[in-house]
Amino acid sequence: MKIELDKTYNPREVETKWYEIWERSGYFQPKIDPRKKPYVVVIPPPNVTGILHMGHALNNTIQDILVRWHRMMGEPTLWVPGTDHAGIATQNVVEKRLAKEGKTRHDFSREEFLKQVWKWKEEHGSTIVRQLRRLGSSCDWSRERFTMDEGLSRAVREAFVTLYEKGLIYQGHYIINWCPRCHTALSDEEAPHKEMEGMLYYIQYPVKGRAGEHVTIATTRPETMLGDTAVAVNPKDERYHHLAKEKLILPLVGRELAVIQDEFVDPDFGSGLVKVTPAHDPNDFEMGKRHNLEFINVMHPDGRMNEKGGKYAGMDRFNARKQIVEDLEAEGLLVKKVSHLHAVGHCYRCHTVIEPYFSKQWFVKMRPLADKAASIVREGKVNFVPDRWTKVYLNWMDGIRDWCISRQIWWGHRIPVWYCEGNAPLPPGGRGIKGEGGNCPPIVSRETPAACPSCGSTNLRQDEDVLDTWFSSWLWPFSTLGWPQKTKDLSYFYPTTDLVTASEIIFFWVARMIMAGSEFMKEPPFSTVNIHGTIRTETGAKMSKSLGNIIDPLDVIEHVGADALRFSLMMITGAGQDAFLSSEKFEIGRNFANKIWNACRFAFLNLKKESFESFDLSDAEIAKLGWVDQWIVAALNQSIEEVNRALESYRFNDACSVLYHFFWHDFCDWYIELTKSSVVSRQSSEKVLLHVLEKSLRLLHPLMPFQTEELWQKIKPISKKPLGETIMTAPWPKADPVKGQEAPLRKARLLKEIVSLLRNFRAEHEIDPKKGIHVVIESEMGTVRELGEEIKLLVQADAVLFQSSPKGYLKAGLVSGAIVYINAKQDIDITKRKKTIAGNITKLESYIRTLESKLANADFKTRAPEAVYQAETDKLQDSKKKLTHFQQEQKALAELG
RNA sequence: GGGCGAGUAGCUCAGUUGGUUAGAGCGCUACGUUCACAUCGUAGAAGUCACAGGUUCGAGUCCUGUCUCGCCCACCA
């Protein structure tokens with residue numbers, strides 16, 4: 001039986017083939033075993049509108065590595081997948097489609113519109129999920145969830161009602177972040193501030209009854225002056241004490257404004273006077289409440305001025321601003337305008353400048369939740385990796401403000417509150433921005449109520465608003481497992497183990513999950529949060545579709561395969577650091593994949609035996625092996641230890657480089673090359689070759705799942721001892737250090753040194769590669785004598801001899817414990833050689849000086865650890881010996897001419 | 001304004017508690033293809049570890065300050 005492999009690896013067919021088999025065979029589903037502690041990860045649910053980008057690729061590769069690694073370690077391993085309904089984003093997508101037909105959602109009833117969104121979701125919502133499969137993500141798709149499916153909707157209601165009953169959810173009129181384009185309130189996190197170059201306008205407000213007297217007020221948003229109901233001054237600001245009893249006249253409007261005193265005002269900013277617009281600014285809102293001012297809302301929800309805006313009614317806020325400035329200028333009331341850098345909130349979905357807007361919304365009282373969530377992290381029950389994010393998290397918890405959770409959109413979980421419109425009439429003007437019911441108290445209920453419990457009326461109206469998308473996301477780690485029902489999954493798999501995510505959503509999601517977990521489950525939802533970096537372009541910019549600088553992971557998969565994509569990403573991403581990406585970077589993974597492929601190809605082509613009892617090597621067997629075999633087994637053991645250490649501390653790039661180096665340089669470049677020698681290659685080494693290869697594939701599997709499965713399946717039949725169905729559940733290799741494995745490791749180091757020395761000599765002196773050489777080695781070390789055949793093979797020597805002070809040979813150099821000679825005297829460029837020797841001498845001399853002065857330092861001897869002192873002493877002796885040899889050679893060369 | 005991260009070879013980055021003459025990949029130079037792999041091999045050149053002080057027997061690593069770049073947070077209009 002010969003195993004045939006193509007000359008190059010073709011990932012495409014292999015990847016789709018194996019994913020189907022894995023999924024079909026149920027390998028992604030854990031077996032619940034009450035005796036074992038499960039390993040659980042919940043996916044950060046991508047938006048249903050999403051398509052896979054490099055950030056997803058990075059995030060899911062890390063999760064898949066962890067999941068596959070733990071699965072191989074025999075833990076019942078569950079990775080829960082799913083998608084997020086992404087309220088605003090998804091609604092925007094569907095509305096954009098309607099806009100192409102010249103329609104808005106208001107051309108439909110709410111129900112009809114939602115039907116369209118669901119339809120869109122059914123047609124397109126599985127895109128990202130399909131793409132995650134192509135990446136190799138080993139999620140348990142039988143447990144896939146969607147934040148708006150029935151179970152999760154029940155969880156949302158349960159959470160809302162519970163918090164309401166505890167007094168942690170309330171409704172009230174406040175200034176919130178309003179997006180005039182999306183027509184909805186946003187939380188503080190959804191309205192990130194961006195630095196913007198704006199204008200600071202200085203406007204004169206006339207003093208009532210004192211012709212010609214004005215005060216100057218500075219504002220960045222002149223259009224809001226239409227809603228001014230006072231002017232404020234710091235009580236300590238003596239410049240304005242004379243205004244205390246005066247009234248001011250609001251320009252363009254004519255309203256009388258009182259001058260109020262408030263500590264909030266900074267006398268040093270602008271003129272020291274602040275216009276107060278309680279309905280359009282959060283600070284003014286607070287002042288308005290403190291001083292009992294009138295709240296005048298001058299804007300429509302879409303950002304146009306409303307009827308309170310007088311002649312500006314109907315104008316967009318920015319046009320109104322322009323017009324107002326012009327009008328003030330015409331009246332001579334504009335003193336000056338100065339450019340002004342300030343931070344302005346923007347909608348995180350559509351990037352429109354948000355408007356601080358006065359409206360009635362639902363809020364979650366965060367303080368009690370945040371205090372608990374903060375102490376969970378402080379007590380180490382949840383750890384951030386890297387640790388620096390702990391501080392960021394705690395900082396946010398410290399300064400937390402209440403969470404505005406109502407959204408004025410249609411796509412989402414409708415707020416489970418009903419108003420009775422039955423018996424009692426509406427109070428005049430009782431409707432705010434959102435409707436309010438009659439006299440009966442609102443009904444906040446887990447189940448849709450049939451009738452008003454207060455008056456029995458069936459004339460009920462549900463709150464129009466939906467909840468913030470993140471209100472369902474924060475329940476994700478337990479809602480996906482069945483909560484609020486007490487399911488088997490929930491009791492076995494909760495709490496989860498690792499959460500893997502990007503720093504951008506620590507506040508949106510991570511922090512809130514910790515709150516929700518401790519509130520509803522009495523236990524934090526995971527024990528470790530691994531925060532990875534952001535993928536950037538070569539120049540450090542963020543990748544974004546609008547900038548046209550994205551590298552599409554699916555393109556990369558098409559070209560080099562998912563394994564190469566995964567390996568490359570992991571190799572270049574330092575733990576938690578941002579990664580700078582260019583398409584050439586993926587050659588790392590592609591080349592490595594090809595290397596692995598070809599190493600196996602070599603093994604299969606040269607296999608003499610058709611099958612082996614097993615690939616296992618007992619200590620007794622190892623003891624009987626040749627040293628080269630013993631060395632590669634020892635090197636493999638070391639690598640396993642290092643990989644384990646790296647994975648345990650989430651240093652995936654380290655794990656990659658250890659395996660890359662072991663496989664490519666130790667295994668292929670040295671071991672396989674050595675086995676090509678007829679002397680080294682003996683019956684036993686074939687088994688070692690397969691042993692190392694098979695173990696390497698297992699070690700590489702979490703990083704490169706597809707290719708390792710493909711090759712492992714080919715190796716599998718060679719072992720009579722069954723290896724299992726799939727590499728996915730094959731055991732994770734153990735490091736089994738063998739007694740005395742230091743000796744072969746030392747020997748390999750010595751061989752490498754001698755071989756490098758000779759190769760270097762050959763290259764330096766341009767000795768024809770085909771020309772045979774004779775090598776003589778002078779050494780008192782017995783081990784050197786055992787390396788003859790290996791050296792002969794690796795440097796293409798005709799002979800390798802061992803003797804002292806050979807005649808007619810040239811010294812090629814020194815290694816620790818041996819002098820190496822070569823017979824190629826006739827080919828040597830003496831001048832060049834002299835130069836090299838002189839260079840070596842200079843370098844050595846200066847090194848010796850450094851060592852001598854270090855050792856001469858009395859403090860060094862007394863304070864440095866013994867081992868360090870000894871090492872330095874040895875180095876000095878060694879260097880002096882080398883120096884002597886070089887000097888002798890220099891002399892010999894001089895005699896030659 | 002506060003906080004965080006980065007600055008090491010031409011490029012992209014490792015360098016875990018301070019202890020060999022600071023490493024890798026790419027790129028570059030030279031040589032090599034009947035050899036598993038040219039998606040390869042061998043060898044080589046290339047660094048004031050941003051800068052200035054300090055602690056220490058010893059600093060790329062710790063401390064202080066400075067500069068440059070990036071990110072996050074923040075209700076001074």
Side-chain angles (χ1 to χ4, degrees), chain A residues 5 7-9 175 192-193 200 217-221 224 232 264-266 268-270 273-277 281-286 340 342-343 345 356 386 388-389 391-392 395-396 399 503-504 506-507 533-534 536 538 540 542 560 564 571-582 584-585 587-588 590-606 645-646 649 651 653-654 657 660-661 668-669 672-673 676 756 759-764 766 768-770 794 843-844 846-847 850-851 854 857-865 867-869 871-872 874-875 879:
Chain A
L5 293 185
K7 209 170 168 185
T8 49
Y9 171 53
I175 296 270
H193 287 79
L200 189 57
I217 276 144
T219 179
T220 52
R221 294 187 297 151
T224 63
F264 163 77
V265 181
D266 176 0
D268 296 327
F269 189 90
L273 286 170
V274 180
K275 61 194 266 311
V276 184
T277 322
D281 183 277
N283 299 309
D284 295 9
F285 172 79
E286 294 300 327
H340 177 66
H342 62 155
R388 61 172 184 272
W389 296 107
K391 209 169 146 190
V392 175
N395 248 337
W396 186 72
S503 61
E504 288 106 81
I506 290 179
F507 305 145
T534 306
R536 299 177 180 284
E538 285 175 282
K542 268 192 185 172
V560 300
M571 190 84 169
I572 61 172
T573 312
Q577 290 306 127
D578 288 356
F580 295 78
L581 217 55
S582 63
E584 301 90 71
K585 295 272 168 69
E587 288 175 14
I588 300 173
R590 182 198 60 172
N591 294 353
F592 187 45
N594 194 54
K595 192 74 186 176
I596 297 167
W597 185 259
N598 273 291
C600 290
R601 187 164 174 258
F602 170 83
F604 296 154
L605 283 173
N606 293 286
R645 266 199 301 276
S649 44
R651 294 196 321 270
N653 58 332
D654 282 2
S657 15
Y660 185 88
H661 184 269
C668 292
D669 289 349
I672 289 187
E673 288 310 313
K676 287 177 182 173
S756 300
R759 283 172 174 171
N760 178 332
F761 191 88
R762 276 197 101 124
E764 192 185 343
E766 291 165 4
D768 183 341
K770 289 190 192 78
L794 295 174
K843 240 191 266 173
L844 262 179
S846 97
Y847 183 47
T850 318
L851 287 173
K854 197 181 212 176
N857 188 329
D859 286 334
F860 180 68
K861 172 142 193 169
T862 50
R863 300 196 196 186
V868 173
Y869 182 81
E872 298 297 300
D874 292 349
K875 271 187 270 175
S879 305

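Predicted, not measured: the structure shown is a model, and the values here were computed from it. Chain letters run A, B, ... following the sequence lines, proteins first, then strands; residues in each count from 1. FYI, side chains are in, hydrogens and waters are out, and symmetry mates aren't considered; it's all heavy atoms of this structure.
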Next on the checklist: Looking at A/Asp281 and A/Thr277, would you say the former's side chain and the latter's main chain have a donor-acceptor pair under 3.5 Å?
Outcome noted: no
Checklist entry - Which heavy atom of A/Lys7 sits nearest a heavy atom of A/Trp597, and at what distance? => result O-CD1, 4.2 Å
Checklist entry - What does B/C11 pair with, Watson-Crick or G-U, if both distances are under 3.5 Å? => result B/G25
Checklist outcome for this item: Ranking B/U21, B/C72, B/C75 by distance to the side chain of A/Asn283, first place goes to B/C75
Next on the checklist: One pair to check against side chain to side chain contact (heavy atoms under 4.5 Å, CB included): A/His193 and A/His342. What are the steps and the verdict?
Outcome noted: CA-CA 9 Å; A/His193 287 79; A/His342 62 155; over 6 Å; no
Next on the checklist: Could you tell me how far apart A/Glu584 (CD) and B/G10 (P) are, to the nearest whole angstrom?
Outcome noted: 19 Å
Item to check | Assigned partner base of B/U42, Watson-Crick or wobble definition, under 3.5 Å | outcome: B/A30
Checklist entry - What distance, rounded to whole Å, do you find between the two C1' atoms, one in B/G54 and one in B/U16? => result 25 Å
Checklist entry - Once you round it to whole Å, what is the distance between P of B/U20 and OH of A/Tyr869? => result 17 Å
Item to check | Smallest separation among heavy atoms of A/Lys275 and A/Arg221, with atom names | outcome: NZ-O, 4.2 Å
Item to check | Heavy-atom side-chain proximity of A/Phe264 to A/Glu286 below 4.5 angstrom | outcome: no
Checklist entry - With sugar-phosphate meaning primed atoms plus P, OP1 and OP2, does A/Pro865 contact a base, only sugar-phosphate, or nothing at under 4.0 Å between heavy atoms? => result base
Item to check | Pairwise C1' distance for B/G44 and B/C63, with rounding to whole Å | outcome: 40 Å
Next on the checklist: Among A/Ile596, A/Ile588, A/Asn594, which residue satisfies the side chain to side chain contact (heavy atoms under 4.5 Å, CB included) criterion with A/Phe592?
Outcome noted: A/Ile596
Checklist entry - Which is true for A/Ser657 with a 4.0 Å heavy-atom rule: it touches a base, it touches only sugar-phosphate, or it touches nothing? => result nothing
Next on the checklist: Please report the distance separating the C1' of B/U29 from the corresponding atom of B/C67, rounded so that it comes out in whole Å.
Outcome noted: 36 Å
Next on the checklist: Any base atoms under 4.0 Å from A/Asp266, or only sugar-phosphate, or nothing? Heavy atoms, all strands.
Outcome noted: base
Item to check | Gap between atoms CD1 and P, on A/Ile588 and B/C13 respectively (whole Å) | outcome: 12 Å
Checklist entry - Does A/Lys585 put a side-chain nitrogen or oxygen below 4.0 Å from OP1 or OP2 of B/U12? => result no
Checklist outcome for this item: From CH2 of A/Trp396 across to P of B/A74 the rounded distance in Å is 10 Å
Checklist entry - Looking across every strand, which nucleic acid part, if any, lies under 4.0 Å from A/Ala867 by heavy atom: base, sugar-phosphate, or nothing? => result nothing
Item to check | Parallel, tilted or perpendicular: rings of A/Trp396 and A/Phe507 (30°, 60°) | outcome: parallel
Checklist entry - What integer number of Å spans the C1' atoms of B/G5 and B/A52? => result 22 Å
Next on the checklist: Please report the interatomic distance OG(A/Ser657) to CD1(A/Ile572), rounded to the nearest 0.5 Å.
Outcome noted: 12.5 Å
Checklist entry - In whole angstroms, how far is the C1' atom of B/A14 from the CG atom of A/Asp654? => result 7 Å
Next on the checklist: Within the 4.0 Å limit for protein heavy atoms, which parts of nucleotides 30-43 of chain B are touched? Write it as a string from 5' to 3', B for base, S for sugar-phosphate only, - for none.
Outcome noted: ---S--BBSBSSSS
Next on the checklist: Working note: A/Tyr9 + A/Arg601, criterion side chain to side chain contact (heavy atoms under 4.5 Å, CB included); need CA distance, chi angles, decisive distance, verdict.
Outcome noted: CA-CA 10 Å; A/Tyr9 171 53; A/Arg601 187 164 174 258; over 6 Å; no
Item to check | Nucleotide opposite B/C69 in a Watson-Crick or G-U pair, distances under 3.5 Å | outcome: B/G5
Checklist entry - When you measure from the side chain of A/His342, which nucleotide among B/A77, B/C72, B/U21 comes out closest? => result B/A77
Next on the checklist: With rounding to the closest Å, how many angstrom separate the P atoms on B/A59 and B/G19?
Outcome noted: 11 Å
Checklist outcome for this item: Taking a pair to mean Watson-Crick or G-U wobble geometry with both distances below 3.5 Å, B/U20 pairs with none
Would you tabulate the nitrogen or oxygen pairs shorter than 3.5 Å linking the protein to nucleotides 3-8 of chain B?
residue: B/G3; atom: O3'; partner: A/Lys391; partner atom: NZ; Å: 3.3
residue: B/C4; atom: OP1; partner: A/Lys391; partner atom: NZ; Å: 2.8
residue: B/G5; atom: O2'; partner: A/Gln577; partner atom: NE2; Å: 3.3

Item to check | Whole-Å distance separating the CZ atom of A/Phe860 from the P atom of B/G19 | outcome: 13 Å
Item to check | Whole-Å C1' distance, B/U8 and B/G23 | outcome: 10 Å
Next on the checklist: Counting only side-chain heavy atoms from C-beta out, which of B/U16, B/A74, B/G19 sits nearest to A/Arg651?
Outcome noted: B/U16
Next on the checklist: Can you tell me the base-pairing partner of B/A77? Count Watson-Crick or G-U wobble geometry only, both distances below 3.5 Å, and say none if there is no partner.
Outcome noted: none
Next on the checklist: Nearest whole Å is fine: how far is B/A74 C1' from A/Phe269 CZ?
Outcome noted: 15 Å
Checklist entry - Hey, which of these two, A/Asp859 or A/Pro282, hits RNA chain B nearer its 5' end, going by closest nucleotide? => result A/Asp859
Item to check | Closest heavy-atom pair and its distance - A/Asn857, A/Asp859 | outcome: OD1-N, 2.9 Å
Checklist entry - From A/Leu851 CG over to A/Leu844 CG, what is the distance, rounded to the nearest 0.5 angstrom? => result 10.0 Å
Checklist entry - Across all strands shown, which nucleotide pairs with B/U64 by Watson-Crick or G-U wobble geometry, both distances under 3.5 Å? => result B/A52
Checklist entry - B/U12 and B/G27: how far apart are their P atoms, nearest whole angstrom? => result 15 Å
Checklist entry - B/G25 and B/A9: how far apart are their P atoms, nearest whole angstrom? => result 16 Å
Checklist entry - Rounded to the nearest 0.5 Å, how far apart are NZ of A/Lys585 and OG of A/Ser582? => result 4.5 Å
Checklist entry - OP1, OP2 of B/C72 versus side-chain N and O of A/His193: anything below 4.0 Å? => result no
Checklist entry - Which whole-number value in Å describes the distance from A/Glu286 CD to B/C76 C1'? => result 15 Å
